[in-house]
2 protein chains.
Amino acid sequence: MSKKKEVTIYDIASALNISIATVSRALKNDPVVSKRTKKKIFDLAEKMGYRTNHFARNLRNQKTNTIGVIVHELNSNFITSVLAGIEKVTTEAGYDLIIAHSSESFIKEIANAKNLFHKRVDGLIASLSLDTKNLDHFKSFEEKNVPVIFFDRVEQEGKNTVVVIDNDKSGYQATQHLIQQGCRRIVHITSSLKRNVYSKRFKGYKDALADNGIPYDETLLIINDLSESAAIESAMKMLKMDPLPDGAFITNDFVAAVCMRTLKENNIRVPGDIAIVGFNNDAICTLIEPALSTINYPGIDVGEVAASNLINHLKGVGNMQNTNTIIIRSNLIIRKSSLKNESYSDKRKN
Amino acid sequence: MSKKKEVTIYDIASALNISIATVSRALKNDPVVSKRTKKKIFDLAEKMGYRTNHFARNLRNQKTNTIGVIVHELNSNFITSVLAGIEKVTTEAGYDLIIAHSSESFIKEIANAKNLFHKRVDGLIASLSLDTKNLDHFKSFEEKNVPVIFFDRVEQEGKNTVVVIDNDKSGYQATQHLIQQGCRRIVHITSSLKRNVYSKRFKGYKDALADNGIPYDETLLIINDLSESAAIESAMKMLKMDPLPDGAFITNDFVAAVCMRTLKENNIRVPGDIAIVGFNNDAICTLIEPALSTINYPGIDVGEVAASNLINHLKGVGNMQNTNTIIIRSNLIIRKSSLKNESYSDKRKN
DNA sequence: TTGATAAATGTAACCGTTTACATTTTTTTT
DNA sequence: AAAAAAAATGTAAACGGTTACATTTATCAA
C-alpha cells in the first residue's frame with residue numbers, strides 16, 4: 001500500500017556502477033555516450049520503471065516547458081478548435097499546456113494572468129474577455145521577457161504579436177451580401193465595441209452600407225453579451241422595430257441561432273422577412289433551419305499559427321519584432337438563411 | 001532586453017539580514033515566525049517581485065499539485081461542462097490541471113496516460129475512448145498508488161471509483177416515453193456497446209420494450225460512431241427500413257440533430273412520422289426544430305463530484321475503498337421532437 | 001611502442017525550496 | 001537576578017536532475 005520509492009538516476013548509476021552524469025546524458029540521448037552504455041542504461045531504466053523528474057530538470061534548466069493559454073470561454077466551438085490547433089503544435093514540440101478561462105470577466109482574466117505568471121509559463125497565448133479594460137496584467141510578462149501572443153480578441157496598438165482575421169473585410173462581405181439580397185434595413189447585433197473583433201466588423205458593416213448609398217441608422221445597432229437571454233432580448237428589440245428590419249448581421253452563430261428561433265416563434269420568416277448572416281461557422285449552422293449563412297473563422301488555423309509562432313520565438317528562430325499582425329484567411333459561406341434572391345443563389349451554387 | 005534575474009528567498013534574506021529558513025517559513029505564513037518579521041518579509045517580497053519557484057518546492061515536497069484529465073473529445077458540450085466542474089473544484093483547492101484528449105482513439109489514450117504518468121500527476125480523472133480495449137495503461141498509476149477516477153465512460157468491474165448516471169434507467173425512461181407516445185417500432189441509434197454508457201442504455205431500451213410487450217427487433221439497432229457522416233448514414237438506414245420506424249432513441253444529441261435534419265430533408269415529419277429522443281441536453285436541443293427531447297446529463301455536477309472526491313482522497317479525507325460508484329441524478333426532458341400525443345403533452349406541461 | 005588525439009566517463013557545483021534539529025533571544029517564574 | 005520555559009531564528013542537508021571542466025580510456029599514426 002505504501003508508495004514505492006521513485007527510481008532516480010542515482011539508482012541506475014549505482015546499479016550499473018557508472019556515474020550519474022553518464023546516466024543523465026544517456027537518458028537525454030546525448031551522442032557523447034557510447035552506444036553500449038546507452039543501451040544498458042535505457043534497458044535498466046525501462047526495467048526499473050524510471051521516470052524523469054521534471055521538477056528537478058526544470059529547476060536546473062530554469063524553464064518550465066509550459067505554455068499558458070487564457071481564453072474568454074471554453075464552451076464555444078470556435079475556442080475549442082483554437083485549443084485543438086494550439087495543442088497539436090505544442091505537444092509536437094514537447095510543451096505542456098495550462099488552459100485558463102476568464103468567463104468574459106476582467107477580474108478573472110487578471111487572476112488567470114497572475115496565476116500563469118507565478119507558474120512561470122515560458123509563453124502565453126490569450127484572447128481578451130469582453131469587459132477587459134486594459135492590458136496592465138500582461139505587463140509582468142513583458143518585464144520578464146515572456147512572449148505573449150494574442151488571438152481573436154486583441155489590442156492592436158501595443159507591440160504584441162496578434163493573430164486575427166480581417167474582421168473589417170468580413171463584416172463588409174457579410175453586409176454586402178445582405179444588400180445584394182435586397183436588404184435595406186439591416187440590423188447589426190454585436191457585442192462590446194471595445195473589442196477589436198466587434199468594432200472592426202461594425203466598421204465593415206457601416207462601410208458596406210455607405211458604399212451602397214444606404215444611410216447608417218444607429219437604431220439598428222444592438223449591443224449585447226453572448227448569452228442566450230441576451231440573444232432573446234435582441235430578437236425582441238428587432239420585433240419592436242417599425243418598420244421591421246429586412247436583414248441582420250449577427251456577429252456570433254449561437255446568438256444568431258437563438259435570434260432566429262425567437263423570430264420564427266413570432267412568425268417572422270427567415271430569410272423571407274429577415275435574412276440573417278452569423279459569424280464563426282459553428283456546427284449548429286447546418287443543424288438549424290434554415291441553415292445559417294456565416295463567416296467561416298477557422299479556429300484550428302488560428303491556434304496552430306499562434307502556437308507555432310510562439311514556439312519559434314521561444315526557440316530563438318525568427319523574432320517577433322518584425323511580425324506584428326498575422327492575418328488568417330476567412331470567408332463568407334452562403335446558406336439558406338440569407339438567400340432571399342433565388343436567382344443569385346443559383347448563380348453562386350453552380 | 002536580457003531576462004532579469006529571478007528573485008529568490010536568498011535575495012530577500014540577505015537584504016533583511018535574516019536566514020532563508022525564516023523567509024521560507026514566513027512566505028508560507030508559518031505561525032512560528034513573528035508578526036514583525038513576517039510583515040517585513042511580505043513587504044519586501046512584494047516590492048522585489050518575488051514569485052515562488054514551484055519546481056524547487058515540488059521537488060522538495062515530492063508532489064506535483066497537478067491533476068491529469070483524459071477525455072475522449074474536447075468538442076462536446078457535455079465534456080466542456082464536465083471540465084468546467086472539475087476546474088472549479090481543483091482551482092479552489094489549489095491544484096493545477098493538465099487536460100489531454102484521446103479523440104476516441106485507444107492508441108492516443110495510452111499515449112496520454114503514459115504522458116501524464118511521467119508528468120507525475122497526483123491524481124487522474126478519465127473517460128474512456130470509444131475503442132479502448134483494456135485498462136492496462138492505467139496499471140502504472142495503481143502501482144504508484146496514484147488515485148484514478150473514471151467518469152461517464154467507465155469500466156465498472158475494476159475497483160476504481162466511477163462517477164456515472166443511471167444509464168440503464170435513463171434508457172428505460174427514454175424508451176418508455178416513446179412507447180407512451182404510441183411508438184411501436186423504435187430505432188435505437190447508439191455507439192460501441194463495449195462502452196458501459198451505451199450497453200446500459202441499450203439494456204434500458206430492451207427492458208422498456210419487454211415491459212410493454214414489444215418484441216425486440218435487432219434490425220432496429222444501429223451502431224455507429226458519433227461523427228456527422230455516421231449520423232447521416234444512420235438516418236439513411238432508417239429511411240430504408242420497411243415499414244418505417246415510428247420512433248428513435250439516439251444516445252447523443254448531436255447525432256440526433258443530424259439524423260433529424262436528414263430525415264426532414266427526406267420529407268419525414270418529426271415527431272409526426274418519427275418521434276425522437278436524444279441524450280445529454282446539449283445547447284442545440286432547443287435550437288433545432290422541433291426542439292429535441294433528451295436525457296439531461298449534468299456534466300458540471302459530474303465534474304465537481306469527480307474532482308472533489310479525488311481531492312478528498314489526496315488529502316486523506318475519506319477513503320476511496322468504500323465509495324466505488326457515485327451516481328449523479330439525470331432526468332428525461334420532454335420537448336416537441338417526441339410529442340406525438342398532444343393530450344399527454346398537455347398533461348405534462350400544465 | 002609511444003605519443004597525440006579523440007571518445008567516453010567522472011566530479012562536483014548548482015538550481016530554489018523545505019524542514020529536522022540546533023541555537024539564540026525573549027518572556028515568565030520564583 | 002537567576003533559572004526555566006517559550007518563542008524566534010539559524011544551520012545544513014536533502015530533493016533529482018544538468019553541465020563545465022577534469023580525468024580516464026580507446027584509437028590511430030609514426
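In what follows, chains carry the letters A, B, and so on, assigned in the order in which the sequence lines appear, proteins first and then strands, with residues in each chain numbered from 1.
As a whole-Å value, the separation of A:N61 CG from D:dG17 C1' is 8 Å. Straight-line distance from the CD atom of A:E6 to the C1' atom of D:dC15: 12 Å, rounded to whole Å. One atom, CG of B:N29, and another, P of C:dT18, lie 13 Å apart when rounded to the nearest Å. At whole-Å resolution of the value, CZ in B:F55 and P in C:dT18 are 14 Å apart. Taking atom CD1 of A:I41 as the reference point, atom C1' of D:dG17 lies 14 Å away to the nearest angstrom. Between the NE2 atom of B:H118 and the C1' atom of D:dG17 there is a distance of 15 Å, rounded to whole Å. Between B:L27 atom CG and C:dG16 atom P the separation is 15 Å, expressed in whole Å. Atom NZ in A:K28 sits roughly 14 Å away from atom C1' in D:dG16 (whole-Å rounding).
Ring pair A:F141/A:F117 is perpendicular by interplanar angle, where above 60° counts as perpendicular and below 30° as parallel.
The side chain of A:S24 contributes no N or O atom lying less than 4.0 Å from OP1 or OP2 of D:dG17. Between A:R60 and C:dC14, a side-chain N or O to OP1/OP2 separation shorter than 4.0 Å is absent. Phosphate contact (OP1/OP2 of C:dT17, side-chain N/O of B:Y50, threshold under 4.0 Å): present. Remark: A:Q62 is in phosphate contact with C:dG16, judged by side-chain N or O atoms under 4.0 Å from OP1 or OP2.
Under the 3.5 Å distance criterion, with hydrogens and angles disregarded, a donor-acceptor pair is assigned to the side chains of B:K119 and B:N115. In this structure, a donor-acceptor pair under 3.5 Å is present between the side chains of A:D122 and A:T64. Judged purely by distance below 3.5 Å, without hydrogens or angles, the side chains of B:S102 and B:S105 never pair a donor atom with an acceptor atom. Remark: the B:T37 side chain and the B:S34 side chain contain an N/O donor-acceptor pair separated by less than 3.5 Å.
Bending across the helix from C:dT1-D:dA30 to C:dT30-D:dA1, expressed as the angle between its end axes from five pairs apiece, amounts to 40° (10° rounding).
Counting any heavy atom pair closer than 4.0 Å across all strands shown, B:Y10 reaches a base atom.
Under 4.0 Å is where a charged nitrogen must lie from a carboxylate oxygen, and between A:K47 and A:D43 no such pair does. A:E109 has no carboxylate O lying under 4.0 Å from a charged side-chain N of A:K133, or vice versa, which leaves the two without a salt bridge.
Under the side chain to side chain contact (heavy atoms under 4.5 Å, CB included) criterion, B:N17 pairs with no residue at all, not counting sequence neighbours.
Counting only heavy atoms from C-beta on, A:A56 has its side chain closest to D:dG17 among C:dT19, C:dC15, D:dG17.
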> If the sugar-phosphate is the primed atoms plus P, OP1 and OP2 and the base is the rest, what is the B/S/- string for nucleotides 5-11 of chain D, using protein heavy atoms under 4.0 Å?
Replying inline: ---SBBB
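A side chain to side chain contact (heavy atoms under 4.5 Å, CB included) with A:Y50 is found for exactly one of A:I12, A:I41, A:L44, namely A:I12.
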